[in-house]
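Computed from heavy atoms alone, side chains included, the values below leave out hydrogens, waters and symmetry copies. Lettering of chains follows the sequences in order, A, B, ..., and the numbering in each one begins at 1.
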There are 2 protein chains.
Amino acid sequence: MAPRSKKTVDATSSPISMADLARELGVSMTTISRALSDHHSIGPATKQRVLKLAKKLNYQPNHLAAALRKGQSKLIGVIVPYIEGRFFATVVHGIETAASKAGFNVIICQSSEDVAQERKNVETLLSAQVAGILVSLSRDTNDFRHFEKVRKRGIPLVFFDRVLESDTVNAVVLNDYDGGYQVTRHLLEQGCRRIGHFAGPQHLNIYRNRRQGYLDALESYQLPPDEQLIIYSDMTLEDGTESMRQLLALPDGGVDAVFSAGDTAVLGALQHLKSKRVAVPQQVALAGFSNEAFTAITEPMLTSVDQRCEEMGQAAVRLFLELAESRGDSAFLQRQVILQPRLFIRESSLQGTPSLDTVAKQANGISC
Amino acid sequence: MAPRSKKTVDATSSPISMADLARELGVSMTTISRALSDHHSIGPATKQRVLKLAKKLNYQPNHLAAALRKGQSKLIGVIVPYIEGRFFATVVHGIETAASKAGFNVIICQSSEDVAQERKNVETLLSAQVAGILVSLSRDTNDFRHFEKVRKRGIPLVFFDRVLESDTVNAVVLNDYDGGYQVTRHLLEQGCRRIGHFAGPQHLNIYRNRRQGYLDALESYQLPPDEQLIIYSDMTLEDGTESMRQLLALPDGGVDAVFSAGDTAVLGALQHLKSKRVAVPQQVALAGFSNEAFTAITEPMLTSVDQRCEEMGQAAVRLFLELAESRGDSAFLQRQVILQPRLFIRESSLQGTPSLDTVAKQANGISC
DNA sequence: TTGTACGCGTTATCAG
DNA sequence: CTGATAACGCGTACAA
């Protein structure tokens, strides 16, 4: 029976509360509260005394208690399909940076591309009493039912990147249409006329819009759409390889360019072309979408469309702050922020005049 | 004076509380509380009635209130230098997945490699009353002072990847030493004898250990260390290029291999070698560290050491849960989890016998 | 098995 | 300018 030391060394000192400060100074808690929250009706002398003691005793405000009382926390909930991967990681970076600048903390949730999980995430965030929710939809989300409660509670809700266009929502999106248009125009200007397209799942706004941009660019050159040249897939590396194989096997000589709605797939295409000794960009020009880091590493380097990931995160937070500002009366005020994509032209799409200085300038522009 | 509609349509219905349920059913709040928290002393009949109504009225528990009451929230705070970039993004993915499985939410903070910011992050998380803190130190953190409060409060604190070895802390780290040792041994087995090393900032445990593994592997082959062959830098792409230039310029014929403590730098080296028409791996073999996605894309593909990012996140959460379990009495119980790295051998380091099937098997192993 | 009453730490309302 | 008091929503000794 070794006598256990009474005054145990790891005494976990309980945190200091406003009541402690009040007792110590012989004033009321109200005074403490006012001093700390910089209220106007407070004597500068007492205020200093309070702040002094707070510093000395290492007072930590309890956000939970404040939130409970005010019915308003300083937490923002974020729901993304997954966090690893450059796009969402960078968006989240933008969100966290902007949010913390505005005094908010960020709770992160992953839906794993699963509606059921997304539903749970919403519940959890509501239970956590978040001040707002920013969400990029899972791949197979088809309706807004699970977001109705959020709206009912008057909690600001902002969608980004992946949204359902069917409904009126606050959203920050990239102008995917323009991205598809720009890149296709670029390929046309390089002299390409049989341009293939790797298209993603069409129920997602982003892939639908990129495809439409592609089609409209063709039309601006009086080129009729050719469904043979559009390959639909989930845009994985293997999908890209297989899609490229299909295009090469077309009866009338294949294509002289491909615009892929994703970089991963275009990488697969590039690998296939190299294995088949098809010269890129001389015989087939390539362009992708997302401006992934590896596009500046491949040989040749890949032309791609930058999605402004970080700006998207910042914009989402800004939009949330606006909505939070005008609580209630903006419930019907639908705000849309549309970011302009940026085309990064690299070797894989330069046919005739290399215009090398332009390339050099932009080649390393992995800004996002 | 347009008369404002009294029954405004966007009536943000206030959330249902336990009191509401109690009133509705004509029972006390205690009963409600017990029914919802699955307490033992509760009639199965009343329990069902409560749960029924809760579902019907869409009751959302208020975690804030519960946390305030219990002095224990269901939040885990995570501090990383930055979130974008594969390593931390994937670790955070692992953390969030494991945490949510255990019923915890994750608050994410970025220190931006800045101690001052890290200090602020700690304060914020304490104010948010998190149940624990997981942290990977900023590059220029040299002491633990700002973590003392965390310890004082008895809040579980777990470090991962970047730690200060000077102190006794709970930590999850990669066996960087072994990673450096393995990869250097591999280069030696390929016949290389003048192996250069790109070393990172030596005050960081990870870079110091990788370097030591390199040195010990050399010694196991009776090769004396040669400080000329070790280039110190911040391991950026440009650093890699410049470091490679320096090694090539050495008087006695340069090197026949390089082990870089980071993939980005080894990529710079590869680019430089290609521009100088030095054959990789025939004239100079290359190996990096981190198993970045691009290592499987370059030509030749780059040999690298995988850091088990996702496992690291999971392990950090597991460790936190253990500590949270045994509150208090484990304050001095120091736990260390050391993950074993995995070497991915690719083309850039294969000299003599290609043993191609081995390569093929591992080439795409971007598991992390 | 159920109900009563109090407290977690903070802020807002009302008197002085 | 300051203080007493009530509430926010929930959990839990204690009593019934």
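Of the candidates dG9(D), dT2(D), dG3(C), dT2(D) carries the atom nearest the S41(A) side chain, counting heavy atoms from C-beta on. Of all nucleotides listed (dT10(C), dG9(D), dC1(D)), dT10(C) comes nearest to the side chain of A65(A). Residue A66(B) places its side chain closer to dG11(D) than to any other of dT4(C), dG11(D), dT11(C).
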Give the intermediate values and the outcome of side chain to side chain contact (heavy atoms under 4.5 Å, CB included) for residues I32(B) and V27(B).
-> CA-CA 8 Å; I32(B) 306 292; V27(B) 298; 3.8 Å; yes
Output, in order, the C-alpha distance, side-chain angles, deciding distance and verdict of side chain to side chain contact (heavy atoms under 4.5 Å, CB included) for K120(B) and H146(B).
-> CA-CA 9 Å; K120(B) 278 192 181 176; H146(B) 48 304; over 6 Å; no
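Taking the six-membered ring where tryptophan is involved, the planes of Y82(A) and F88(A) are perpendicular, since the angle between them exceeds 60° and thus also 30°.
Among the heavy atoms of the strands lying under 4.0 Å from S33(B) is at least one base atom, whether or not backbone atoms are also near. No contact: G71(B) has no heavy atom under 4.0 Å from any strand. At the heavy-atom level, I42(A) lies under 4.0 Å from the strands shown only through sugar-phosphate atoms. Across all strands, T30(B) comes closer than 4.0 Å to base atoms (heavy-atom distances). Looking at heavy-atom distances under 4.0 Å, T46(A) makes contact with sugar-phosphate atoms alone, never a base.
One interatomic measurement links the two molecules: CD of Q72(B) to P of dG11(D), which rounds to 14 Å at whole-angstrom precision. Here the C1' atom of nucleotide dT2(C) and the CG atom of L25(B) are 14 Å apart, to the nearest Å. Between H63(B) atom NE2 and dG11(D) atom C1' there is a gap of 14 Å when expressed in whole angstrom units. Computed from coordinates, the R34(B) CZ to dG3(C) C1' distance equals 8 Å when rounded to whole Å. Rounding to whole angstrom units, NE2 of residue H40(B) and P of dT12(D) are separated by 12 Å. Rounded to whole angstrom, the span from the CG atom of L36(B) across to the P atom of dC10(D) amounts to 9 Å. Taking atom CD1 of I32(A) as the reference point, atom P of dA12(C) lies 16 Å away to the nearest angstrom. For the pair M29(A) CE and dG7(C) C1', the interatomic distance rounds to 12 Å; values are reported in whole Å.
Along DNA chain D, the nucleotide nearest to G43(A) and the one nearest to N62(B) differ in position, and the one closer to the 5' end is contacted by G43(A). Take the nearest nucleotide of DNA chain C for R69(B) and for P44(B): the residue whose nucleotide is more 5' is P44(B).
Of all heavy-atom pairs between A35(B) and L51(B), the closest is O-CD2, 4.2 Å. Scanning both residues, A131(A) and F320(A), for their nearest heavy atoms gives O-CE1, 3.4 Å. Pairing each heavy atom of L25(B) with each of R49(B), the nearest pair is O-NH2, 3.3 Å. The nearest pair of heavy atoms linking V163(A) to A171(A) is CG1-CB, 3.9 Å.
Counting only N and O atoms by type, the side chains of Q129(B) and H63(A) include no donor and acceptor under 3.5 Å apart. Q117(B) and S138(B) share no donor-acceptor pair across their side chains, judged by distance under 3.5 Å alone.
For T31(A), a side-chain nitrogen or oxygen approaches OP1 or OP2 of dG3(D) to under 4.0 Å. Regarding contacts with the backbone of dG9(D), every side-chain N or O of Y59(B) stays at 4.0 angstrom or more from both OP1 and OP2.
In the region residues 15-23 of chain B, proximity to DNA chain D at under 4.0 angstrom, judged on heavy atoms, holds for S17(B), M18(B).
The CG atom of L126(B) sits 12.5 Å away from the NZ atom of K152(B) when rounded to the nearest 0.5 Å.
Across the helix from dT1(C)-dA16(D) to dG16(C)-dC1(D), the helix axis at one end is tilted relative to the axis at the other end by 40° (nearest 10 degrees, each axis from five pairs).
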